[in-house]
Amino acid sequence: MSVNAYEDIVLGSLANFLTLSNKIGGDVQAQAALVKQVFDAQLSFVRTAAESSAPSNNDLQSLLKPTSDHIAAIQNYREKHRTSTFFNHLSAVSESIPALGWVCVAPTPGPYVKEMNDAGQFYTNRVLKDWKEKDSTHVEWVRAWVQTLAELQQYIKQHHTTGLVWAGKGKPAATAGAIPPPPPPGGLPPPPPMMPLGDLSISGDGGDDRSALFAQINQGADITKGLKKVTADMQTHKNPNLRSGPAPYKAPSGISNGTKSVSAPAAAKPPSFVRDGKKWLIEYQKGNTGLLVENAEMNNVVYMFRCENSTLQIKGKINSVVMDSCKKCSLVFESLVASAEFVNCQSVQMQVLGKVPTISVDKTDGCQMYLSADSLDVEIVSSKSSEMNVMIPKGTSGDYVEQPIPEQFKTIIKGQSLNTTCVESLG
């Protein structure tokens, strides 16, 4: 099923992307041919994983080499064509094509693909800006590419949620990945003859048992006559002697109940601060007020996850920053190309020194946003959040005016539509 689902991506959204690339032509068409090759290579790898057990590290590197070589070829093509008219197109694909490295990511390959998709957003936005009024083909081209990676993320979520699944048993991946021999010149052997329908009759052995079963079912209300009656001496609320038995069994915490494991305290994970290509991953930091990202580039993405009582400072202009599931943390940055996002956070603060186009707050309780004079045109999008305040600079004195973001709304019906307005709480 995982192989068929991957083929659906190749034959669906990817095929649409390739068709639009050929329609645009030039360097876009040439790079798209490389994209087709890398998806074909990964399809072959996914097929190998579906038929094989997990290989050794050396064999895994050999199996992944075709995919990594094609990704490098796509990125090199962009570097060699910086003067191309379609440089933004080439960059959009080049920045996000590492998403196909999800096969090496665990336990969250799906979010990794989304990060790579977001990494190319800077250049896809440029393509939309430059070509929206000129040629709608380029707009469709952007949508097709973004949709391809979005479907890849959904595919991973469904078939490889916590990492690549090696579904085979006992079959070495190194040999299973080899190309099967071609069919003989005479073609494939014919299928076996169909079984005569008459052989499927239910009148054979066991027919009498089925007839008896149907007869029992067709009794209607009389089927309950054979049930044993529960008398008063069998009921615990009428017979106190039945209550003196042993206490019912209770499963200890952390033991599976057959469908869902009972939650146990999560083990503390070590803090990490690593740079993986264009991504800065900052995770499980506690009480660290000196977190610093510097020498970052404009297409970099910073992801801060499960940190507490920590402060992160970002120097330079980057693409975006995401703070996920953090508590009592502070964020200070200069300028962003795309957005600052807060998800599932509690009591967080943010200060922008330069410019930020968008701030997104989702499922967060307590978010203080300090703006600069250059960021007064920011768009703030909030949902399922509370205790949100925006600090607007007041002149050059360094003082701020605090403005709360509404959390309560009133909706009235006007004809066939709804009219929703903010409700100010006066305490």
Side-chain angles (χ1 to χ4, degrees), residues 6 8-43 66-102 112-156 276-279 296-301 317-320 335-339 357-358:
Y6 199 98
D8 290 341
I9 299 176
V10 174
L11 299 176
S13 55
L14 179 64
N16 184 32
F17 167 78
L18 297 175
T19 300
L20 294 169
S21 298
N22 294 337
K23 186 176 180 180
I24 295 174
D27 293 330
V28 175
Q29 181 179 4
Q31 189 191 54
L34 301 176
V35 173
K36 177 66 165 61
Q37 294 176 8
V38 71
F39 271 88
D40 288 342
Q42 184 155 100
L43 175 59
T67 302
S68 61
D69 289 346
H70 288 310
I71 291 177
I74 293 172
Q75 295 176 330
N76 291 335
Y77 188 88
R78 174 247 192 159
E79 295 300 326
K80 293 178 181 179
H81 295 79
R82 286 188 166 271
T83 58
S84 172
T85 306
F86 303 118
F87 177 73
N88 289 330
H89 297 67
L90 305 181
S91 299
V93 175
S94 176
E95 294 296 325
S96 52
I97 197 62
L100 271 68
W102 67 268
Y112 170 78
V113 174
K114 183 180 185 305
E115 290 177 14
M116 292 298 96
N117 203 355
D118 293 341
Q121 184 179 4
F122 173 76
Y123 291 101
T124 54
N125 288 343
R126 283 191 170 185
V127 174
L128 295 175
K129 179 181 178 182
D130 295 342
W131 294 92
K132 181 169 62 174
E133 304 296 336
K134 299 178 183 178
D135 189 349
S136 61
T137 302
H138 298 261
V139 177
E140 297 175 5
W141 180 89
V142 168
R143 291 174 180 170
W145 177 243
V146 172
Q147 181 182 358
T148 300
L149 296 184
E151 290 185 4
L152 177 62
Q153 181 186 358
Q154 292 299 320
Y155 161 80
I156 296 169
D276 183 9
K278 298 177 178 61
K279 303 183 303 301
E297 301 175 3
M298 196 162 54
N299 57 0
N300 287 184
V301 177
K317 187 175 184 179
I318 65 172
N319 183 274
S320 62
S335 294
L336 299 180
V337 176
S339 64
T358 306

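Positions are given from 1, in the same order as the sequence printed here.
- Counting all heavy atoms, side chain and backbone alike, Leu149 lies closest to Ala99 at CD2-CB, 4.2 Å.
- When each of Thr19, Asn16, Ile24 is checked for a side chain to side chain contact (heavy atoms under 4.5 Å, CB included) with Trp141, only Ile24 meets the rule.
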query: Does the pair Met298 and Val337 meet the rule for a side-chain contact (heavy atoms from CB on, under 4.5 Å), with working shown?
result: CA-CA 7 Å; Met298 196 162 54; Val337 176; 3.4 Å; yes
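- With sequence neighbours excluded, no residue satisfies salt bridge (Lys or Arg N to Asp or Glu O under 4.0 Å) with Arg143.
- For Ala144 against Leu20, the heavy-atom pair with the smallest separation is CB-CD1, 3.9 Å.
- For Lys114, the NZ atom is loosely surrounded, since the number of other residues' heavy atoms within 6.0 Å does not exceed 12.
- Panel note: side chain Asn300, backbone Glu297; a donor-acceptor pair is recorded below 3.5 Å.
- Partners of Ser96 under the side chain to side chain donor-acceptor pair (under 3.5 Å) rule, at least two apart in sequence or in another chain, are Trp145.
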message: Between Phe87 and Arg78, is the side-chain contact (heavy atoms from CB on, under 4.5 Å) condition met? List the steps.
response: CA-CA 7 Å; Phe87 177 73; Arg78 174 247 192 159; 3.7 Å; yes
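- Considering all non-hydrogen atoms of both residues, Val38 and Val35 come closest at CG1-O, 3.0 Å.
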field: side-chain contact (heavy atoms from CB on, under 4.5 Å) assessment of Leu43 paired with Ile9
entry: CA-CA 10 Å; Leu43 175 59; Ile9 299 176; over 6 Å; no
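- Ring geometry for His81 versus Tyr77: interplanar angle under 30°, hence parallel rather than tilted (30 to 60°).
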message: Please evaluate residues Ser320 and Leu336 with respect to the criterion side-chain contact (heavy atoms from CB on, under 4.5 Å), reporting the C-alpha separation (whole Å), side-chain torsions for both, the decisive distance (0.1 Å), and the verdict.
response: CA-CA 6 Å; Ser320 62; Leu336 299 180; 5.6 Å; no
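- The closest side-chain donor-acceptor pair between Gln147 and Glu151 falls under 3.5 angstrom.
- A perpendicular orientation is assigned to the rings of His89 and His138, their planes being inclined by more than 60° (bins at 30° and 60°).
- Of all heavy-atom pairs between Phe86 and Asp27, the closest is CD1-N, 4.5 Å.
- Side chains of Tyr155 and Asp8: a donor-acceptor N/O pair is absent below 3.5 angstrom, by distance only.
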